[in-house]
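Step one of this worksheet: look at the structure below.
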Amino acid sequence: MQALSLTVRTPGYSWAMKTGRPSKQQRPAFGQRLHEQREAAGLSQQQLADKLGLSQRAYSHWERRPVALRPDQLHSLAAALNLPVEALLANGENKKRGSGPAGKMRQLFEAASKLPRSQQEKILAILQPFIREHVGQS
C-alpha cells in the first residue's frame, strides 16, 4: 500500500502586504504628508523609490526622519506622485476656508437654516435691505 502525502500550502506573500516593522517613532509632518500621498497614489516605498532613482531605504528615510530636500528632489517627488509641489509642502495652515461667513455669523446662519421656512423669510426680509444699503449687494 502506498502512503499518501499531503501538502499544506500556506498563502504566499502578496505585493499588497505591508513589509518591514512599524517604526517606534512618529513621522514628522512632511513625512506624514508624504506617506499619505504615496498611499493615496497606491504606491509602495519601493515603487516610488524606483521612480525617483533611489533605494527604498533612502526613500523611507524621507518618510521617517526630518529631511531637507533639494528643489529638484521636491519637483521629481511631486511629479512621481502626480501632485503640485504645494501639496507636499502645505502644512494645513493654508487650507482654503469654506464659503460663507466666519465665526459668530456662521453660527447664526447655521442656526437660522434650521428654522422653519417662514421664520427664515423674516430674517431675509431684515438682512437683504441692510446688506443692499451698506454693501451694495443683494
Side-chain angles (χ1 to χ4, degrees):
M1 186 180 256
Q2 188 175 8
L4 291 174
S5 65
L6 293 175
T7 305
V8 177
R9 291 188 173 224
T10 57
Y13 288 102
S14 165
W15 65 271
M17 293 176 83
K18 304 277 185 196
T19 59
R21 62 177 180 261
S23 177
K24 293 179 183 171
Q25 65 186 25
Q26 190 174 10
R27 288 183 170 98
F30 175 76
Q32 183 62 37
R33 279 192 304 280
L34 191 54
H35 169 76
E36 290 168 0
Q37 296 294 351
R38 178 182 55 78
E39 292 274 318
L43 297 171
S44 68
Q45 285 185 346
Q46 183 65 55
Q47 291 168 325
L48 187 52
D50 290 343
K51 282 185 169 191
L52 297 170
L54 299 171
S55 68
Q56 182 272 331
R57 185 174 181 179
Y59 174 79
S60 71
H61 187 77
W62 291 5
E63 283 190 12
R64 293 286 179 192
R65 304 258 190 243
V67 293
L69 300 180
R70 297 185 318 262
D72 62 309
Q73 290 173 316
L74 280 173
H75 287 287
S76 298
L77 184 57
L81 291 170
N82 199 23
L83 296 168
V85 173
E86 293 78 20
L88 296 174
L89 299 177
N91 59 6
E93 293 174 6
N94 298 331
K95 287 185 180 177
K96 292 183 180 178
R97 295 176 74 182
S99 61
K104 290 182 182 180
M105 290 298 289
R106 177 183 294 272
Q107 293 171 0
L108 285 173
F109 280 109
E110 286 175 0
S113 70
K114 296 175 185 170
L115 295 173
R117 177 74 60 198
S118 62
Q119 292 178 345
Q120 288 181 19
E121 288 173 0
K122 290 177 185 177
I123 293 170
L124 283 174
I126 296 168
L127 285 178
Q128 283 178 334
F130 182 84
I131 291 173
R132 276 190 208 115
E133 181 182 333
H134 289 86
V135 181
Q137 298 175 351
S138 54

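Numbering of residues begins at 1 and proceeds along the displayed sequence. Values below: every heavy atom of this structure, side chains too, minus hydrogens, waters and symmetry copies.
Across all non-hydrogen atoms, the minimal contact from Ala49 to Ser55 is CB-O, 3.6 Å. Heavy atoms only, all atoms of each residue included: Ala80 and Leu48 are closest at CB-CD1, 3.6 Å.
Remark: Ala41 engages Leu43, Leu81 in a side-chain contact (heavy atoms from CB on, under 4.5 Å) (not counting sequence neighbours). Listed by chain and number, the residues in a salt bridge (Lys or Arg N to Asp or Glu O under 4.0 Å) with Arg27 are Glu63 (sequence neighbours excluded). For Pro66, the side-chain contact (heavy atoms from CB on, under 4.5 Å) test picks out Pro28, with sequence neighbours left out. Listed by chain and number, the residues in a side chain to side chain donor-acceptor pair (under 3.5 Å) with Gln32 are Glu36 (sequence neighbours excluded). Residues forming a side-chain contact (heavy atoms from CB on, under 4.5 Å) with Gln73 (at least two apart in sequence, or on another chain): Trp62, Leu69, Arg70. Evaluation of the side-chain contact (heavy atoms from CB on, under 4.5 Å) rule for Pro84 yields Glu86, Ala87 as partners, not counting sequence neighbours.
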For a quick test of your reading: what N or O donor-acceptor pairs under 3.5 Å do the side chains of residues 114-121 make, sequence neighbours left out?
unit_1 : atom_1 : unit_2 : atom_2 : d
Gln120 : NE2    : Ala112 : O      : 3.3
Gln120 : NE2    : Ser113 : O      : 2.9
Gln120 : NE2    : Leu115 : O      : 2.8

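Hydrophobic clustering (ILVMFWY, side-chain heavy atoms < 4.5 Å, transitive): Ile131 and Leu124 are in distinct clusters.
In this structure, Arg132 CZ and Leu127 CG are separated by 11.0 Å, a value rounded to the nearest 0.5 Å. One distance of note links OH of Tyr59 with CZ of Arg64; it measures 10.5 Å at 0.5 Å rounding.
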For Gln56 and Gln46, what are the C-alpha separation, side-chain angles and deciding distance, and is it a side chain to side chain donor-acceptor pair (under 3.5 Å)?
-> CA-CA 5 Å; Gln56 182 272 331; Gln46 183 65 55; 6.0 Å; no
Please walk me through it: do Leu77 and Leu83 pass side-chain contact (heavy atoms from CB on, under 4.5 Å)?
-> CA-CA 9 Å; Leu77 184 57; Leu83 296 168; over 6 Å; no
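In this structure, Asp72 places its CG atom where more than 12 heavy-atom neighbours from other residues, nucleotides or ligands lie under 6.0 Å away.
Here ring-ring contact (aromatic ring centres under 6.0 Å, His included) pairs that include residues 63-90, with residues two or more places apart or in two chains, number zero.
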